[in-house]
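The next block holds one structure in the form of structure tokens; read it before the comments.
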Amino acid sequence: EYGFIAFGSATDPYLPVEKDSKITRELLMIILRFRFPMNLLTRSPLVLRDLDILKKIGEKAIMPKELEGKMDTGVVISFSFSTTDEELARIFEPGAPSPQKRLETMKKCKKQGFRVGAIFMPLLPFLSDSEEHLDMMIRDVKENGADFVMASGLTLFGEGPTDCKTRYYKVLEEYFPELEPKTRAIFRNSFAPSRKYQQEIHQRFLRLCQKHQIRTKIY
């Protein structure tokens with residue numbers, strides 16, 4: 001049985017150490033050998049190094065029966081964004097490649113014939129989820145070749161000093177103290193924001209994707 005391998009759903013397959021370790025490249029060779037299709041999610045320009053293998057995977061992959069005739073390639077390359085604003089990204093993603101580098105990498109992958117998309121996960125409450133900000137993000141990725149866009153809200157877990165919930169609120173306190181109580185209000189005691197908030201974001205996202213005429217699904 002052949003199904004799409006989701007590569008990068010838990011952690012980026014192109015962390016800085018991959019430049020020397022080449023573990024991801026070895027894994028791609030295994031995927032090519034067994035002819036599985038795949039969706040690779042990353043934030044790194046290092047993916048450009050492996051386009052030779054990814055192109056072969058796309059050509060040789062055995063597609064799931066339900067996707068036969070619906071997709072012309074066995075490889076999808078997706079790029080992760082919480083924002084395309086450089087200053088905001090430096091605050092919340094200090095160790096990641098800049099949004100501009102991701103956009104440039106996406107454009108290069110598109111020019112090489114790959115199906116590419118943008119994954120806005122997570123959108124940052126009251127920072128990158130507004131009408132204006134989302135409009136900018138969708139415009140930016142479409143101008144750089146995105147075939148599709150998907151989005152999701154922020155989730156926050158853990159009470160320990162290194163857990164994402166603790167660290168996120170600490171950053172808010174430092175840079176956006178006025179947003180901390182508003183953010184806590186939509187989360188309350190849950191790991192996810194309220195259903196009302198999520199529905200509002202979803203409808204806003206769909207409306208803007210329709211405006212920019214870009215798909216909200218891979219195919």
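The local environment of NE2 in H202 is sparse, with at most 12 non-hydrogen atoms from other residues, nucleotides or ligands closer than 6.0 Å. Summarising the local packing, CZ of R204 is surrounded by more than 12 heavy atoms from other residues, nucleotides or ligands at distances under 6.0 Å. The neighbour count for K142 NZ, taken as heavy atoms of other residues, nucleotides or ligands under 6.0 Å away, is above 12. Heavy atoms of other residues, nucleotides or ligands lying less than 6.0 angstrom from CD of Q213 number 12 at most.
Aromatic ring centroids of F34 and Y2 lie 6.0 Å or more apart.
From L172, atom CG reaches atom CD of E178 across 9.0 Å, with rounding to the nearest 0.5 Å.
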Step-by-step side chain to side chain contact (heavy atoms under 4.5 Å, CB included) determination, E86 to R90: CA-CA 6 Å; E86 295 291 325; R90 278 194 293 270; 4.0 Å; yes

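Ring-plane geometry between F157 and F191 is classed as parallel, the angle between the planes falling under 30 degrees on a 0 to 90 degree scale with a further cut at 60.
If you check the side chains of N39 and S78, you find a donor sitting under 3.5 Å from an acceptor.
Using a 4.5 Å heavy-atom cutoff, the side chains of F79 and V141 are not in contact.
Side-chain heavy atoms closer than 4.5 Å link hydrophobic residues (I, L, V, M, F, W, Y) into clusters, and following such links, possibly through other members, connects L88 to L134.
No donor-acceptor pair closer than 3.5 Å links the side chain of R43 to the backbone N or O of R102. In terms of modelled atom types and a separation under 3.5 Å, the side chain of R115 and the main chain of I218 share a donor-acceptor contact.
Look at E26 and K22 and you find no salt bridge, because none of the NZ, NE, NH1 or NH2 atoms lies under 4.0 Å from a carboxylate O. Here D135 pairs with R139 in a salt bridge; the nearest charged N to carboxylate O distance falls below 4.0 Å.
Figure legend: K70 and Y219 shown without cation-pi pairing, the cationic atom not lying both under 6.0 angstrom from the six-membered ring centre and within 45 degrees of its axis.
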